[in-house]
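Attaching a single structure in structure tokens format; questions to follow.
Keep in mind the model is a prediction, meaning the values are calculated, not measured. Note that ligands are numbered from 1 as they come in the structure, with each ligand's atoms numbered from 1 the same way.
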Amino acid sequence: MPDRLGQELANLKCAAQAHAARYQRIDGLCWPEGTRIAVNFTADFDAMLLRRLNNEPPMQLAKGEFGGRVGIWRLIELFGSHAVKATIFTPGRICELYPQALRAAVRGGHELADHMWEHRVPKDPELERDHLRKTAAALERISGKRPVGSRSLHTPELLRDEGYIYNSHGAPSQWPCYRLDGKGDRCLLELPFHYAIDDAMFFSFAWYASANVEQRLSDTDRVFDMWWAGFLQQYRQGGYLNVCLHPFVSGRALRIAMLDRLIARMKSLPGVWFATCEEVARHCLSRHPKARAG
Ligand SMILES: [Zn+2]
């Protein structure tokens, strides 16, 4: 019988092996000629759906509605003013609620990608497939193009089988990496984000029915400094940054102004590639096509 420490080490080793079996690094990842960092601005256009599922009170739903009526438009205008192409992760139901905003995003050159049908993944496999297909069809009706990316906990093999090439949900690495299937074959490209570069962590008032003392109302200057430092660290090492925004959070005027300053400062450095997630995924897939785990 191994002692307790021995058992814990064995458990850790087991967990590390399971992780290694699911993800594959991309050795020597490099960006297109003349660029040294890839930046994905992403917006999760959740609006009211998550709040509805949580049966939260009307004031919370109204907050989500602000995202659909005002916030998304401000983000589209902001990105357009900087010629930044973004990825809008969109629940299928949002296509029914705010089609005009989504059409404006497409006209602005932004990518529409899957964010589940109603912001949840059903446990039943048939229902899960149905949700994924309904969302793809709804997004295609708006954009004229089937989505190729997702931000979700949808089953990776299902996403692949339905024609998806990437997911941007987890944080297994700071760099894009491959998600492998059960046989060790390449399944999807993972475009990682981290909660440290997620507006909801700093600005989302009443997050999940939190108490008054737990409110997240950060000073925008402080968040600007933190995100700029995060960007600069990645820039120095030729890395990758995924900025996760929510229209109902970042659509507030003061936060739009902060993002305006942040993008302008990023643009002051040479070699910053502002791309959609699809563009980054296609670049990785064509430049670094690895078929099997080594
Ligand atoms: Zn979401």
Contact check, side chains of H154 and L159, non-hydrogen atoms, under 4.5 Å
yes

Quick check with a 6.0 Å cut-off and a 45 degree axis cone: is R186 positioned over the face of Y178's six-membered ring?
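Yes, a cation-pi geometry.
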
Cationic tip of R265 above W228 ring, under 6.0 Å, 45° of axis
yes

Please determine whether D44 has a backbone or side-chain N, O or S atom lying under 2.8 Å from the Zn ion (ligand 1).
no

From H246, does some N, O or S atom reach closer than 2.8 Å to the Zn ion (ligand 1)?
no

Rounded to the nearest 10 degrees, what's the angle OD2 of D46 makes with NE2 of H119 at the Zn ion (ligand 1)? Could you check?
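Reported to 10°, the angle equals 100°.
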
Quick check: H110 with F79 (ring centres under 6.0 Å apart)?
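Ring centroids of F79 and H110 are less than 6.0 Å from each other.
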
